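Heads up, the thing below is written out as structure tokens.
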There are 2 protein chains.
Amino acid sequence: MLDDVSARTAVVAAADRLFYARGVQSVGMDAVRAEAGVSLKRIYSLFPSKDDLVVAVLRHRTEQWDAGIARAAAGAATPRGRLLAVFDFLDAWFREDGFRGCAFINSFGELGATSPAVAAAVREHKESFQRYARGVVREAGLPDDVALQVVLLAEGAQTTAAITQDVDVARQARRAAEAILDAAVPATA
Amino acid sequence: MLDDVSARTAVVAAADRLFYARGVQSVGMDAVRAEAGVSLKRIYSLFPSKDDLVVAVLRHRTEQWDAGIARAAAGAATPRGRLLAVFDFLDAWFREDGFRGCAFINSFGELGATSPAVAAAVREHKESFQRYARGVVREAGLPDDVALQVVLLAEGAQTTAAITQDVDVARQARRAAEAILDAAVPATA
DNA sequence: TACACTAGAGAACGATGGTTCTCAGCGCAA
DNA sequence: TTGCGCTGAGAACCATCGTTCTCTAGTGTA
């Protein structure tokens with residue numbers, strides 16, 4: 001028998017896999033039960049409703065995202081390098097089997113209009129990413145606007161890579177980000 | 001009584017409004033019937049299945065998108081201006097009531113994994129937009145890569161504007177595009 | 001008037017979903 | 001051993017959905 005923490009973890013991981021691969025509404029709670037190996041009763045004692053489970057999955061994804069970005073940034077010596085590392089992180093992700101775009105964007109499109117909790121979780125995640133970018137941009141001594149511009153490239157890369165399956169997207173996004181950063185540094189070339 | 005063409009148009013328009021506002025799976029065919037004022041029997045004689053209706057809605061959106069982009073581009077004298085006009089078009093759109101992101105991205109996230117027809121329609125639309133950008137970029141005498149980079153900004157702007165409701169996104173995307181274009185012109189400042 | 005045909009309203013159908021309930025089995029305290 | 005409480009498996013429940021069917025009313029024609 002699993003303790004609450006392990007059961008919770010198993011359910012979230014299973015739901016994440018299924019929701020990401022097929023979309024939330026295409027996956028029944030029974031499929032989650034089967035994938036997680038945790039009874040429906042238990043799932044509903046851990047999460048009051050499917051909506052709460054979706055939110056838990058998104059929070060879990062936020063943690064993974066943050067960790068991935070941090071790991072990529074750790075290899076860079078400068079703020080500029082840390083910003084561009086985002087695109088190397090994306091590049092590796094886009095090449096993974098089963099990559100299907102940004103789970104937050106997908107969930108927002110599917111449920112944002114009908115579930116305020118999901119919409120809020122998505123917004124929170126995207127705002128947190130923008131805050132992160134802004135922090136690094138400031139370290140680099142560049143204006144805040146640059147952060148949003150780089151973020152736009154990262155977001156666009158995610159949806160475009162998902163839809164077109166073009167494996168080159170992250171590299172192009174990185175080069176565009178370089179151009180934006182170069183243009184933003186006070187003319188000291 | 002409506003002839004087939006008018007009925008088709010009414011159904012597509014109604015479905016478009018509902019699907020865009022709430023997501024596809026959250027809208028039943030009965031709601032489409034009520035909104036369009038066309039009987040279920042008629043709808044099913046016009047579209048073999050909901051999936052086909054979704055595809056028809058997407059094709060209709062593609063036409064609207066193309067027309068909007070063309071209209072925006074018509075006011076610009078240079079290829080560079082036509083490229084940047086995309087962001088003015090987006091800016092006006094983002095400010096509309098009920099703006100909820102790109103219908104193609106939303107549909108792809110929701111149905112891309114389960115409906116090959118929807119996935120194909122979305123891919124087609126995005127590829128067509130990339131082709132358009134590539135054409136204008138070539139007119140400007142710039143390398144193809146620039147087109148994809150500008151497209152990434154436009155895509156990122158759409159999802160970010162939808163999620164954060166930040167009204168300034170299109171302007172920032174435009175400025176980033178300017179930086180990319182400037183960086184791409186052979187150094188003749 | 002009688003008839004054939006069509007279209008719309010909405011009931012019906014079969015499937016599926018989220019959520020709850022039942023029940024049989026197990027561990028454990030006394 | 002007896003009985004209590006908890007658990008998992010899955011049936012049950014109720015709503016909803018996509019799709020089809022029925023029935024009624026109206027139209028045009030002879």
Side-chain angles (χ1 to χ4, degrees), chain A residues 1-58 106-107 110-118 121, chain B residues 1-58 107 109-118 121:
Chain A
M1 241 283 304
L2 271 48
D3 60 283
D4 277 8
V5 174
S6 315
R8 225 189 129 87
T9 305
V11 171
V12 168
D16 188 28
R17 278 192 297 276
L18 296 174
F19 291 167
Y20 184 66
R22 298 192 226 152
V24 174
Q25 298 188 93
S26 303
V27 173
M29 291 299 279
D30 200 64
V32 174
R33 177 199 57 76
E35 175 88 7
V38 174
S39 76
L40 273 180
K41 196 165 138 186
R42 193 80 188 281
I43 293 178
Y44 274 94
S45 81
L46 260 15
F47 307 94
S49 72
K50 189 183 186 181
D51 219 55
D52 293 275
L53 176 55
V54 175
V55 169
V57 165
L58 291 179
N106 292 350
S107 302
E110 185 174 355
L111 303 170
T114 53
S115 165
V118 168
Chain B
M1 240 282 305
L2 272 49
D3 59 283
D4 277 7
V5 173
S6 314
R8 223 189 132 87
T9 304
V11 171
V12 168
D16 187 27
R17 279 192 297 274
L18 296 174
F19 292 166
Y20 184 66
R22 299 193 226 150
V24 174
Q25 297 187 95
S26 303
V27 173
M29 291 298 279
D30 201 63
V32 174
R33 176 198 58 76
E35 174 89 6
V38 173
S39 75
L40 275 180
K41 196 165 136 188
R42 193 81 188 282
I43 294 178
Y44 275 94
S45 81
L46 260 14
F47 306 94
S49 72
K50 189 182 187 181
D51 219 54
D52 294 275
L53 176 55
V54 175
V55 170
V57 165
L58 292 179
S107 303
E110 185 174 356
L111 303 170
T114 53
S115 164
V118 168

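Chain letters run A, B, ... following the sequence lines, proteins first and then strands; every chain starts at 1. Computed from a prediction, not measured in an experiment: that's the story for all the values here.
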Quiz item: How far does CD of B/Glu35 sit from CG of B/Asp16, to the nearest 0.5 angstrom?
Solution: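 Here the interatomic distance stands at 10.5 Å.
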Quiz item: How long is the gap from OG on A/Ser45 to CG on A/Leu40, to the nearest 0.5 Å?
Solution: 11.0 Å
Practice problem: Rounded to the nearest angstrom, tell me the gap between atom CZ in B/Arg33 and atom P in C/dG10. | Solution: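 So the two atoms are 7 Å apart, to the nearest Å.
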Exercise. Kindly give the heavy-atom pair with the smallest separation between A/Ala121 and A/Leu58, and that separation in Å.
Key: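 Closest pair (atom of A/Ala121, atom of A/Leu58, distance): CB-CD1, 4.0 Å.
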Self-check item: Sub-4.5 Å side-chain heavy-atom contact between B/Asp52 and B/Ser49
Solution: yes
Quiz item: Counting only side-chain N and O atoms of A/Arg42, is one of them less than 4.0 Å from OP1 or OP2 of D/dG8?
Solution: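 It does, given that an N or O in the side chain of A/Arg42 lies less than 4.0 Å from OP1 or OP2 of D/dG8.
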Quiz item: Going 5' to 3' along nucleotides 12-26 of chain D, which nucleotides have protein heavy atoms under 4.0 Å from the base (write B), which only from the sugar-phosphate (write S), and which from neither (write -)?
Solution: ------SBB------
Quiz item: Can any side-chain N or O of B/Glu110 pair as donor or acceptor with the backbone N or O of B/Gly23 at less than 3.5 Å?
Solution: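 Here the side-chain-to-backbone pair does not exist.
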